[in-house]
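Order of the sequence lines sets the chain letters (A, B, ...), proteins ahead of strands, with each chain counted from 1. All values below were derived from every heavy atom in this structure, side-chain atoms included, with hydrogens, water molecules and symmetry-related copies excluded. Since we're looking at a predicted model, the values are computed, not measured.
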Amino acid sequence: MKKELEKTYNPRDIEDRLYQKWEEKKYFHAEVDKTKKPFTIVIPPPNITGKLHMGHAFDQTLQDILIRWKRMQGYNALWQPGTDHASIATEVKITDELKKQGIDKREMGREKFLEKAWEWKKEYGGTIVSQLKKLGSSCDWDRERFTMDEGCNEAVTEVFVKMHEKGYIYKGSRIVNWCPVCKTSISDAEVEYEEQAGHLWHIKYPLIEDDGSVSTTRFIEFATTRPETMLGDTAVAINPEDERYKDYRGKKVLLPIVNRELPIVEDSYVDMEFGTGVVKITPAHDPNDFEVGKRHNLQEINVLNDDATINANGGKFEGMDRYECRDAIVKELDEMGLLVKIEDYSHNVGTHDRCHTTVEPMIKAQWFVKMDELIKPAVKAVKEGEIKLIPPRMDKIYFNWTDNIRDWCISRQLWWGHRIPAYYCDKCGEVVVSKEAPKVCPKCGCEHFTQDPDTLDTWFSSALWPFETLGWPHETEDLKYFFPTDVLVTGYDIIFFWVIRMIFSSYEHMGTYPFKTVLFHGLIRDSQGRKMSKSLGNGIDPLEVIQNYGADALRLTIVTGNAPGNDMRFYNERVENSRNFANKVWNASRFIMMNMAEDAPSAIHQPMPSGLEPVDHWILSKLNKTIKEVTENMEKFELGIAVQKVYDFIWDEFCDWYIEMVKPRLYNSDNAVSHEAALWTLQTVLINALKLLHPYMPFVTEEIFCTLQDEEESIMISDWPVYKDEWNFTDDEKAIETIKEAVRGIRNVRTQMNVAPSRKAKVFVVSDKKEVLDIFTTGKLFFEALAYASESVCQTGKDGIADDAVSVVIADATVYIPFSDLVDISAEIERLTKEQKKLEGELKRSQNMLSNEKFLSKAPAEKIAEEKEKQQKYQQTYDQITERLAQLSK
RNA sequence: GGACACUUAGCUCAGUUGGGAGAGCACCUCCUUGACGUGGAGGGGGUCAGGGGUUCGAGUCCCUUAGUGUCCACCA
């Protein structure tokens, strides 16, 4: 039966059907197979609360391109999918949801809350997965994992206990970043600094004289951005080198309002150049002051509650909010005459990246991962190239973080997450860290324990993702075969949160690095270059784009014209272009199918017939080159360049030239050999081009492929095209390029002269070179098909050509079109003179280069040869134009 | 304060070992040719931010200036 396609490509009709077929046929599924080489990618697990956004689309498209390509290349390709429990994000969302229903999380209690959370996971966790499928992602869904499934839980506990035993995990009271709204500690990576307009309050504390009296004349003045923390001041610091304050050394000041005596300590931390060279020290609420406090054995007075209101240590301010208290204290100091002045001041304030609440540094007992040793192999991996970051500039960002790394605070005062496997003896408080609750206290023999209420940072489990998903801590075959993985694809925004932590975790627990290459992508921005955000409401919904233009168009848009790691702007005109391309491919295929005889076997598996003509060789040669280059680009992760080449080949070479050039042969079935050769070439080139395109546009390529095939097959499991020496036809390539040049010249002249397309004209090709005439003789019909020729004649001399014919000059030949009634000789002379001038310029440039001795002695030989060839061509053309001008001027 | 990136056609961007400036969109002219008007043919438009250097040769490498953006950083 004759195969047919619709007139336009309608992605909506086919995408879901094809995806379902792929899943049913298990094409995405990978099993250990030692006869094949593995290629593994683990998905950056999307949050269960998440809704598909452009960031996912970017991630997914790049991964899917790589995995589909490698699968076609014969690798045993595994794309390991899964989702993340996203501890804090999910907990906040559920808490808010409960609040709307008038339910308070604390009143509800931990157990009930977790039940609710699991219900939530069941209900919404699948949404994101079904959305990923809309993009065409070829993940092995049979292997789908969740960061809080049984296996991952086991891995997390294993790691925690092991690292605790090795001393890499410890509990300590230290300054942590505290979010007063989420009421949990957060890691340094989760703090986002925002430039905020604030004030610098200049305050003075009175000195305590040697006799113990409070001075009314001697003060020590300093500036602060946070006056309310004075409630927790336990010292004032000066630089030991600072001569201005030498009389104050060893003395004390009185902390007003609170009436506490504070020592004046000397610490080189104080910058003499800044302000007055004096710093008030609040060890409990500032990380630097905390360090100073440790060095000078200062008291640590916490003045804040978990919600950032003032606690009992704040005396009469107890219960006030931190900012309310600030105003009250400033007012009181002013009344006491201790406020010197207020300056406007802009400074960086740490905020929580989730809720943007100003973070409060507080001393808390938390669990930490000791980083100094762990980070070393992670630095080495990138330094020595064992892990390659793309683009390479990411190295610096990476090292900047590793060089300044601090211990990682991993405990969170949340419920949704992996609970810390630490147990406290109810009687003596002994801490036992173990996989299961201990039976007997090793210290006091008591049998009652309470588990640590805290959970772990989400990224603690994500850090294990590449190996826990393959079965670790068990020694599975999957792990041995698929690990380490090959490429990680992710946004540069989570390099610190995730990438680095996976690298050191993997090295620590697996003894090897988790992947060989990290391909970073940027952000997708709106048409004005703004970040897409909920508050701006400028987010573009990928599902809507798919609905309107198709998943292939979305994918192509995302990967086109973007260098690795760069942000991109997204707007519909770009997607329209991608959709148009899908339609172009569709219609080219449709045309080919229309010309295939009924019941004829598809040419795909047939050997090359003998009757191929130069133009067939030409397109095969072009295809061959494209195959080679595209594969090379993809190997270097230059996906944008690769797809551009496929696009150009299909649209410019195949559709605009080749198909047009073979049409006469298709419409004329008298010459069966030529007809067959054309059909074979059309199909062969199409199939190969579709294969090159498939990783980028899986749906349209599959639909065409399957329609074209006789048997039920899939392009996604077909072989990736390989460069073949026997498809190289250098001479034919050159010949067709010459014809194209002549055709373009004729079209050009006709447009310039405003000749209606309907007006055909006889075309004479004149050349004194036999091989050139041969080329045009075999290519005669191209002039008729492409250059409005009624007839074409190839000859050596000018016999029979009117003197005033229009001429098109190319290197080896001159094409004459007699248009006597239309030709304005002076205009013709002008046109040719212009061309002559242009050539003169080129010739000059070329001659300059070739007469430059240094160029000749230093440039590579092939470059010189290339330049000589060009010069020759220019000279030939130039001479012919000169000759033609002479004729016309007679 | 440090680091990184960007500055190329009206707009958005490619341009990866340095060797005659590209694409898409927009714009102008023409085309109801039997795959496609989501198309075809032709065209206009750029001193590749400014300056200096290396080189036979620089959009591409080095230095510098200016503008923009991002990340990092405890200066109270």
Side-chain angles (χ1 to χ4, degrees), chain A residues 5 7-9 193 200 222-226 229 237 269-271 273-282 286-291 345 347-348 350 361 391 393-394 396-397 399-401 404 492-493 495-496 522-523 527 529 549 553 557 560-563 565-571 573-574 576-595 633 636 638 640-641 644 647-648 655-656 659-660 663 667 744 747-752 754-758 785-788 842 845-846 848-849 852-860 862-864 866-867 870:
Chain A
L5 295 176
K7 195 173 172 183
T8 49
Y9 173 57
Y193 288 90
L200 206 49
F222 57 87
T224 179
T225 53
R226 308 195 50 200
T229 61
Y269 152 70
V270 181
D271 179 358
E273 308 296 317
F274 188 90
T276 57
V278 179
V279 184
K280 74 189 231 350
I281 302 296
T282 323
D286 183 285
N288 297 303
D289 293 8
F290 179 78
E291 298 298 327
Y345 191 67
H347 61 142
N348 275 334
R393 71 181 126 90
M394 291 298 166
K396 287 211 173 178
I397 296 170
F399 292 134
N400 184 266
W401 178 262
N404 299 298
Y492 60 68
D493 49 332
I495 181 166
F496 310 131
L523 257 45
S527 58
Y549 301 97
T557 306
T560 302
N562 181 253
N566 285 4
D567 292 353
M568 76 157 51
R569 294 195 198 195
F570 195 94
Y571 43 97
E573 285 84 346
R574 293 189 57 217
E576 273 173 33
N577 177 246
S578 301
R579 178 210 49 192
N580 294 354
F581 178 62
N583 190 56
K584 187 76 186 176
V585 174
W586 181 260
N587 269 290
S589 309
R590 178 166 166 258
F591 172 74
I592 293 168
M593 288 181 208
M594 283 166 62
N595 283 283
N633 286 127
K636 289 186 275 183
E638 295 163 355
I641 297 173
Q644 186 66 245
Y647 178 103
D648 289 343
C655 293
D656 288 347
I659 289 183
E660 294 307 323
K663 273 180 181 173
Y667 298 150
R744 269 195 291 254
R747 286 171 174 172
N748 226 309
V749 167
R750 289 179 61 110
T751 300
Q752 278 175 31
N754 282 320
V755 185
S758 53
L786 307 171
Y788 320 95
E842 295 292 352
R845 191 194 58 80
S846 201
N848 277 347
M849 257 173 112
N852 183 338
E853 266 176 49
K854 284 184 176 167
F855 173 73
L856 293 174
S857 61
K858 293 194 176 179
E862 47 187 284
K863 211 75 227 170
I864 297 170
E866 198 179 297
E867 201 57 44
K870 274 187 208 164

K.L.:
Are A/K663 and A/F591 in a cation-pi contact, defined as NZ or CZ under 6.0 Å from the six-membered ring centre and within 45° of the axis?
P.N.:
yes
K.L.:
Looking at every strand, decide which applies to A/G561 at a 4.0 Å heavy-atom threshold: base, sugar-phosphate, or nothing.
P.N.:
sugar-phosphate
K.L.:
If you look at every strand shown and take non-hydrogen atoms under 4.0 Å, does A/K280 touch a base, only sugar-phosphate, or nothing?
P.N.:
nothing
K.L.:
I need the CG-P distance between A/N852 and B/rU55, as an integer number of Å.
P.N.:
14 Å
K.L.:
Is A/R574 close enough to B/rG24 that one of its side-chain N or O atoms is under 4.0 Å from OP1 or OP2 there?
P.N.:
no
K.L.:
Starting at the 5' end of nucleotides 29-42 of chain B, put B wherever the base has a protein heavy atom under 4.0 Å, S where only the sugar-phosphate does, and a dash everywhere else.
P.N.:
--S--BBB-BSSSS
K.L.:
Is there a side chain to side chain contact (heavy atoms under 4.5 Å, CB included) between A/Y492 and A/L523? Walk through the geometry before answering.
P.N.:
CA-CA 8 Å; A/Y492 60 68; A/L523 257 45; 4.3 Å; yes
K.L.:
Considering heavy-atom distances to RNA chain B, does A/K636 or A/M849 have its closest nucleotide positioned more toward the 5' end?
P.N.:
A/K636
K.L.:
Distance between the P atoms of B/rC25 and B/rG40, in whole angstroms?
P.N.:
9 Å
K.L.:
OG1/A/T557 to CZ/A/F570 distance, rounded to the nearest 0.5 angstrom?
P.N.:
5.5 Å
K.L.:
I'd like the P distance from B/rG69 over to B/rG10, given in whole Å.
P.N.:
22 Å
K.L.:
Please give the distance between the P atoms of B/rG43 and B/rG22 as a whole number of Å.
P.N.:
13 Å
K.L.:
So A/A563, base contact, sugar-phosphate only, or nothing? Heavy-atom distance under 4.0 Å.
P.N.:
sugar-phosphate
K.L.:
Out of B/rA3, B/rA76, B/rC25, which nucleotide sits closest to the side chain of A/V270?
P.N.:
B/rA76
K.L.:
Rounding to an integer number of angstrom, what distance separates B/rU55 and B/rC62 when you compare their C1' atoms?
P.N.:
12 Å
K.L.:
Which residues pass the side chain to side chain donor-acceptor pair (under 3.5 Å) test with A/E576, sequence neighbours left out?
P.N.:
none
K.L.:
Between A/N566 (side chain only) and A/G522 (backbone N and O only), is there a donor and an acceptor less than 3.5 Å apart?
P.N.:
no
K.L.:
What is the base-pairing partner of B/rG67, counting Watson-Crick and G-U wobble geometry with both distances under 3.5 Å?
P.N.:
B/rC6
K.L.:
Nearest whole Å is fine: how far is B/rU55 P from A/E853 CD?
P.N.:
18 Å
K.L.:
Partners of A/R226 by salt bridge (Lys or Arg N to Asp or Glu O under 4.0 Å), sequence neighbours excluded?
P.N.:
A/E228, A/E360
K.L.:
Please determine, for B/rC56, whether a Watson-Crick or G-U wobble partner exists with both distances under 3.5 Å, and give it or none.
P.N.:
B/rG19
K.L.:
If only side-chain N and O atoms of A/N566 are considered, is one of them under 4.0 Å from the OP1 or OP2 phosphate oxygen of B/rA14?
P.N.:
yes
K.L.:
Under the rule for salt bridge (Lys or Arg N to Asp or Glu O under 4.0 Å), what residues qualify as partners of A/R845, not counting sequence neighbours?
P.N.:
A/E842, A/E867
K.L.:
Can you list everything that forms a ring pair (Phe, Tyr, Trp, His ring centres under 6.0 Å) with A/Y549? Sequence neighbours excluded, please.
P.N.:
none
K.L.:
Rounding to an integer number of Å, can you tell me how far A/Y492 OH sits from B/rC4 C1'?
P.N.:
11 Å
K.L.:
Between B/rC56 atom C1' and A/K863 atom NZ, what is the distance in whole Å?
P.N.:
13 Å
K.L.:
Can you tell me how far C1' of B/rC13 sits from CD1 of A/I641, to the nearest Å?
P.N.:
13 Å
K.L.:
Can you tell me, in whole Å, how much space there is between the C1' of B/rG18 and that of B/rC13?
P.N.:
22 Å
K.L.:
Roughly how many Å is it from CD in A/E573 to C1' in B/rG10, rounded to a whole number?
P.N.:
14 Å
K.L.:
Stepwise, does the side chain to side chain contact (heavy atoms under 4.5 Å, CB included) test hold for A/L200 with A/T224?
P.N.:
CA-CA 5 Å; A/L200 206 49; A/T224 179; 5.9 Å; no
K.L.:
List for me each residue that meets side chain to side chain contact (heavy atoms under 4.5 Å, CB included) alongside A/R569, sequence neighbours excluded, and say none if there are none.
P.N.:
A/Y571
K.L.:
Provide the distance between the two P atoms, one in B/rC27 and one in B/rA14, to the nearest whole Å.
P.N.:
24 Å
K.L.:
Taking the minimum atom-to-atom distance to the side chain of A/R393, which one of B/rA76, B/rA5, B/rG15 wins?
P.N.:
B/rA5
K.L.:
Could you tell me how far apart A/N848 (CG) and B/rG19 (C1') are, to the nearest whole angstrom?
P.N.:
15 Å
K.L.:
Taking atom C1' in both B/rA41 and B/rG19, compute the distance separating them and give it to the nearest angstrom.
P.N.:
32 Å
K.L.:
I'd like to check the side chain to side chain contact (heavy atoms under 4.5 Å, CB included) partners of A/F855; sequence neighbours left out, ordered by chain and number.
P.N.:
A/M849, A/L850, A/N852, A/A859, A/I864
K.L.:
Can you name the ring pair (Phe, Tyr, Trp, His ring centres under 6.0 Å) partners of A/Y193, sequence neighbours left out?
P.N.:
none
K.L.:
Does any nucleotide pair with B/rC36 by Watson-Crick or G-U wobble geometry, both distances under 3.5 Å, and what is it?
P.N.:
none
K.L.:
Give every pair of a protein N or O atom and an N or O atom of nucleotides 72-75 of chain B that lie under 3.5 Å apart, one pair per line with the distance.
P.N.:
| unit_1 | atom_1 | unit_2 | atom_2 | d |
| --- | --- | --- | --- | --- |
| B/rC72 | O2' | A/N400 | OD1 | 2.7 |
| B/rA73 | N6 | A/N348 | ND2 | 2.3 |
| B/rC74 | N1 | A/N288 | OD1 | 3.2 |
| B/rC74 | N1 | A/N288 | ND2 | 3.4 |
| B/rC74 | O2 | A/N288 | OD1 | 3.4 |
| B/rC74 | O2 | A/N288 | ND2 | 3.3 |
| B/rC75 | O2 | A/D271 | OD2 | 2.8 |
| B/rC75 | N3 | A/D271 | OD2 | 3.0 |

K.L.:
What is the distance, to the nearest angstrom, from the CZ atom on A/R569 to the P atom on B/rA23?
P.N.:
21 Å
K.L.:
What does A/L200 touch in the nucleic acid at a heavy-atom separation under 4.0 angstrom: a base, only the sugar-phosphate, or nothing?
P.N.:
nothing
K.L.:
Say you pick atom P in B/rG51 and the same atom in B/rG59; how far apart are they, in whole Å?
P.N.:
13 Å
K.L.:
Which nucleotide in the set B/rC13, B/rA76, B/rG19 lies at the smallest distance from any side-chain heavy atom of A/V279?
P.N.:
B/rA76
